[in-house]
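Worksheet: the structure to be examined is printed underneath.
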Number of protein chains: 2
Amino acid sequence: MTDRPRRTVRAPRPRSLPAERPGPTGGKRDLNRRKRLAQFASAALELMQRHGVEAVTIEQICEGAGLAKGSFYRYFSGKPALVEALFERLAEQVDAAMARAETALAAADNTDALVMAYADLAMALAPVVVEEQAVVRLYLQERRGPRTEARAVIRDFGDRLLARGEALTLAARAHGLLRDLPPAVTTRAVIGAIEAVAWSHLEGDLPGDPGALGEALISLVLEGVLHAPGVPAP
Amino acid sequence: MTDRPRRTVRAPRPRSLPAERPGPTGGKRDLNRRKRLAQFASAALELMQRHGVEAVTIEQICEGAGLAKGSFYRYFSGKPALVEALFERLAEQVDAAMARAETALAAADNTDALVMAYADLAMALAPVVVEEQAVVRLYLQERRGPRTEARAVIRDFGDRLLARGEALTLAARAHGLLRDLPPAVTTRAVIGAIEAVAWSHLEGDLPGDPGALGEALISLVLEGVLHAPGVPAP
DNA sequence: ACTTGTTGCGACCACTCGGTCACCTTACAT
DNA sequence: ATGTAAGGTGACCGAGTGGTCGCAACAAGT
């Protein structure tokens, strides 16, 4: 209640993020904005891989990015929004690739077309996974964590992946490509195997060429661990 | 600086946990101790499944157990010690079963003995996994989380499991049971498939009889997803 | 040049958490 | 019965934490 000099009595400040960012694309504002976003994103990605999505604090991220806490809230409403931004590209690309594979698989009228659709999917996914390695690693790390606000994006991504995968399995089975086993089990087993190998590789526990790893994995998934029946052990 | 009544000047309190617990086994002390431990353990297990090992606070656990924070530190030096206690039984049993399987596999001199060793392992593991379901679920949930102090026990357990699994794979391959693929990849793919199916089942996403699930999984792992070569699609 | 809204900042607030401590009660040994 | 050490408690402390605010610097349209 002291009459210390109050600030100018302008309009009430809209403390939320501006809905639309100003300035010409490529202008000083726009450039700066991209740079800040990248700073926050890369700091967050590094810290979250080391300490986990939930354990990392906003303050740590700001320190890592070399920016103030107030600035963080200019760009993100909180950690969940930040995580969403981190997964944006990966989620987009993977969703699109899976959707394409699904329609291709549904339209396939012979085994060759079927196998082709799978091959196309793999070729579409590979570069994205390589480019977004760190995000993929974060996904694998957090996939099974409890559904907190910040992790919801990650779990949703995983759930969509699973659902799309199951649709693929169903289509392939409808065409008689796969053995007659519960699609839910088949899908989860295959994805689980892929993710486990990918995880070990990204952790550094499984050195070697990713291509060779992939080939071994595919062979394993398609034909199993045993020698084909009728082929005696050497 | 005030001369408020100071406490009696007895011997300095040994603030650590007493090395050896007193009282006759089955006495009031002993019984009470077991009860408190169980209270803390069950509260922690429930909370950790819902919020994650790291996110759960000591205060929450105490509230869940209906005991004071001070009491918690009478029994555990901190969260890591609590997690260690939670995993004690499971780790013991699994380690023992894996070790037995390893010696049995090394001693096997024909395929039947080999398969028998695997079957024994499965039969030994099944009841433990059922009894310690909640702990198994916690393991699957936290397995890939960053190696914090509290999670170190869990990651160590997983690493031991993987190492034992790889030894089994090597033994089986040495006997010519398995195809000639990198053992590290095979092991990780198999364990990954098993864990993914188990996880979905424990999450409630994969309803059905665990026995049937297991059979489908085994068939999948052994023979792959494809129809056997030479068997044309129907 | 001038106005206007965005951006960067860091002090600040209310709150939470891990861990400790002095004190009281309880079980056991003698 | 009595002494002793273990067990139970909750107030308390210090170190953060998420989130906000007033302000100054600044870019962009006019």
Side-chain angles (χ1 to χ4, degrees), chain A residues 4-37 39-40 47 51 54-63 65-82 148-150, chain B residues 2 4-37 39-40 44 47 51 54-63 65-82 148-150:
Chain A
R4 62 194 165 110
R6 295 309 284 147
R7 69 195 178 91
T8 48
V9 199
R10 297 266 178 70
R13 296 285 304 289
R15 288 304 306 178
S16 58
L17 328 163
E20 201 160 324
R21 299 304 179 135
T25 329
K28 226 170 188 175
R29 276 256 156 88
D30 186 59
L31 237 61
N32 215 266
R33 203 178 100 255
R34 287 169 197 278
K35 190 177 168 188
R36 301 289 170 242
L37 284 172
Q39 279 175 283
F40 280 126
L47 286 163
H51 307 295
E54 289 300 327
V56 169
T57 70
I58 308 284
E59 284 190 337
Q60 285 176 311
I61 295 170
C62 293
E63 196 194 324
L67 296 166
K69 194 155 48 160
S71 300
F72 177 87
Y73 287 98
R74 295 271 182 214
Y75 290 96
F76 305 99
S77 60
K79 226 195 297 183
L82 171 60
T148 57
E149 258 186 281
Chain B
T2 70
R4 63 194 163 111
R6 295 310 284 149
R7 70 193 176 93
T8 48
V9 198
R10 297 265 177 69
R13 294 287 303 289
R15 288 304 307 176
S16 58
L17 328 163
E20 201 159 323
R21 299 303 178 137
T25 328
K28 227 171 188 175
R29 275 258 158 85
D30 185 59
L31 238 61
N32 214 266
R33 203 178 101 254
R34 288 169 197 277
K35 190 178 168 189
R36 301 288 171 241
L37 285 171
Q39 279 174 283
F40 280 126
L47 286 163
H51 306 295
E54 289 300 327
V56 169
T57 68
I58 308 284
E59 283 190 338
Q60 284 176 310
I61 295 170
C62 293
E63 196 193 325
L67 296 167
K69 194 154 49 158
S71 299
F72 177 87
Y73 288 97
R74 295 267 183 219
Y75 290 96
F76 304 100
S77 59
K79 225 195 297 182
L82 170 59
T148 58
E149 258 186 282

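Below, chain A is the first sequence line, B the second, and so on; all start at residue 1.
- In this model, the phosphate group of dT7(C) is not approached by any side-chain N or O of Arg33(A) to a distance below 4.0 Å at OP1 or OP2.
- The side chain of Arg29(A) approaches dA27(D) more closely than any other nucleotide in the set dA27(D), dG18(D), dG8(C).
- Contact detail for Ala68(A) and Cys62(A): the closest heavy-atom pair is O-SG, 3.8 Å.
- At whole-Å resolution of the value, CD1 in Ile58(A) and P in dC12(C) are 22 Å apart.
- You'll find that the side chain of Ser71(B) is closest to dT9(D), out of dT17(D), dT7(C), dT9(D).
- Across Leu82(B) and Phe72(B), no two heavy atoms sit closer than the pair CD2-CE1, 3.9 Å.
- DNA chain C is contacted by both Asn32(B) and Lys69(B); Lys69(B) maps to the nucleotide lying nearer its 5′ end (nearest heavy atom per residue).
- Arg36(B) has its CZ atom 18 Å from the P atom of dA6(D), to the nearest Å.
- In this structure, Lys28(A) atom NZ and dA28(D) atom P are separated by 7 Å, rounded to whole Å.
- When all heavy atoms of Arg36(B) and Leu67(B) are compared, the pair lying nearest together is CD-CD1, 3.8 Å.
- The aromatic rings of Phe40(B) and Tyr75(B) sit tilted relative to each other, their planes meeting at an angle between 30° and 60°.
- If you take CD of Glu59(A) and P of dC12(C), they are 15 Å apart, rounded to a whole angstrom.
- Rounded to an integer number of Å, the gap from CZ of Phe72(B) to P of dA6(D) is 20 Å.
- Considering only side-chain atoms of Leu67(B), the nucleotide from dT9(D), dT17(D), dT20(D) that sits closest is dT9(D).
- The minimum heavy-atom distance linking Glu54(B) with Lys79(B) is given by the pair O-NZ, 2.9 Å.
- Regarding Tyr75(B), its OH atom lies at a distance of 20 Å from the P atom of dG18(C), rounded to whole Å.
- Side-chain proximity of Arg74(A) to dC17(C), dG22(D), dT20(C): nearest is dG22(D).
- Along DNA chain D, the nucleotide nearest to Glu54(A) and the one nearest to Gly70(A) differ in position, and the one closer to the 5' end is contacted by Glu54(A).
- One atom, CZ of Phe76(A), and another, C1' of dT7(C), lie 14 Å apart when rounded to the nearest Å.
- Between the P atom of dC17(C) and the NZ atom of Lys79(B) lies a distance of 11 Å, rounded to the nearest Å.
- Across dT20(D), dG8(D), dT17(D), the shortest atom-to-atom separation from the side chain of Tyr73(A) is found for dT20(D).
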